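As the structure lists them, so they are numbered: ligands from 1, and atoms in each ligand from 1. It should be emphasised that the depicted structure is a prediction, and the values quoted were computed from it without experimental measurement.
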Amino acid sequence: MITIKKVEIAEYSGFCFGVNRAMEMAESELNIASKNQNKIYSIGSLIHNEQALDRLKEKGLIISDNVEHFEKNSSAIIRSHGLSKSFYDRMEDINVNIIDATCPFVKKIQSIVHEGSEEGYKIIVIGDKNHPEVIGILGWAQGETYSINSIDDAYSFDSSNNSKYLVVVQTTFNVDRYQKIEYILKNKIANVVFHNTICYATKERQESAEKLSKKVDAMVVIGGKKSSNTLKLAEICRSNCKTFLIETVEDLDYDDIKDLEYIGIAAGASTPDFIIREVYDYIVNKIQFKELEFND
Ligand code: F3S
């Protein structure tokens with residue numbers, strides 16, 4: 001009897017709208033710059049994927065965190081995660097042309113925070129305080145700011161003053177954890193306004209990866225090692241089945257998958273299609289190979 005083996009890609013996988021838009025803007029600006037020899041910088045990594053970044057670097061993208069070293073009249077791409085207001089101000093001061101590829105959903109959070117803090121709200125961002133998106137969002141607030149990343153953080157949040165608070169959420173935050181944190185904060189703070197700013201792209205990727213992980217033998221989650229949304233996808237899948245977190249096809253070990261009958265693939269929002277394709281083809285080819293051996 002031949003075992004039918006299956007490979008399935010989660011319904012929502014790979015580049016989200018914001019990352020796709022940033023990549024297209026970068027490609028188009030790099031094409032123009034190559035003709036008129038202008039320098040194009042990216043403040044920090046444009047995308048949390050080394051392979052996609054290498055392609056952009058080959059086309060001339062210079063990655064740097066130090067705005068002070070940017071050449072006058074050069075251009076700088078702001079990545080989809082966004083940046084704090086002070087970066088915009090500084091780049092204007094030093095005559096650097098801004099190509100703003102901040103995802104429109106992140107831009108919206110920045111303006112909620114900016115306007116809220118002007119109205120006297122203290123700002124709470126639910127998310128990882130070390131993540132560039134959260135650092136950028138906090139950089140649009142004027143008064144006091146806080147970040148909460150865990151249920152423990154929410155329980156220990158000091159709400160003993162009578163301030164009014166405005167809460168926004170990192171776009172890639174885990175939906176379930178957010179709901180628990182919101183519940184805790186609602187019971188602790190009398191005057192609080194919540195803006196659930198989790199991005200639908202994250203939710204779709206999390207839900208489709210979760211759904212698939214419940215029916216397969218194992219999941220292969222593809223994404224950059226620094227990509228928080230990829231790490232979250234892996235965390236969700238791991239609670240349902242064996243999960244391999246890989247960056248490229250080279251990280252996948254045939255011995256790990258050879259005895260599996262049903263493999264699922266999910267990919268973070270910053271994983272390019274060509275990498276998903278390589279992983280899919282590798283698994284399909286290996287499975288066909290095994291079936292041929294079996295028939296002999
Ligand atoms: Fe934007 Fe959502 Fe992607 S916020 S960058 S579309 S994950």
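- Using modelled atom types, one side-chain atom of Ser159 and one backbone atom of Lys188 make a donor-acceptor pair closer than 3.5 Å.
- Under a 3.5 Å cut-off, the side chain of Lys164 and the backbone N or O of Glu119 do form a donor-acceptor pair.
- Between the side chains of Asp153 and Ser150, a donor-acceptor pair is found at a separation under 3.5 Å.
- Only one option out of Ile222, Ile246, Val221 pairs with Ile265 in a side chain to side chain contact (heavy atoms under 4.5 Å, CB included); it is Ile222.
- By the criterion of a separation under 2.8 Å, the protein N/O/S atoms near atom 2 (Fe) of ligand 1 amount to Cys199 SG.
- Among Val113, Val169, Val192, Ile189, the single residue meeting the side chain to side chain contact (heavy atoms under 4.5 Å, CB included) criterion with Ile124 is Ile189.
- With respect to the salt-bridge test (charged N to carboxylate O, under 4.0 angstrom), the residues Lys180 and Asp176 do not qualify.
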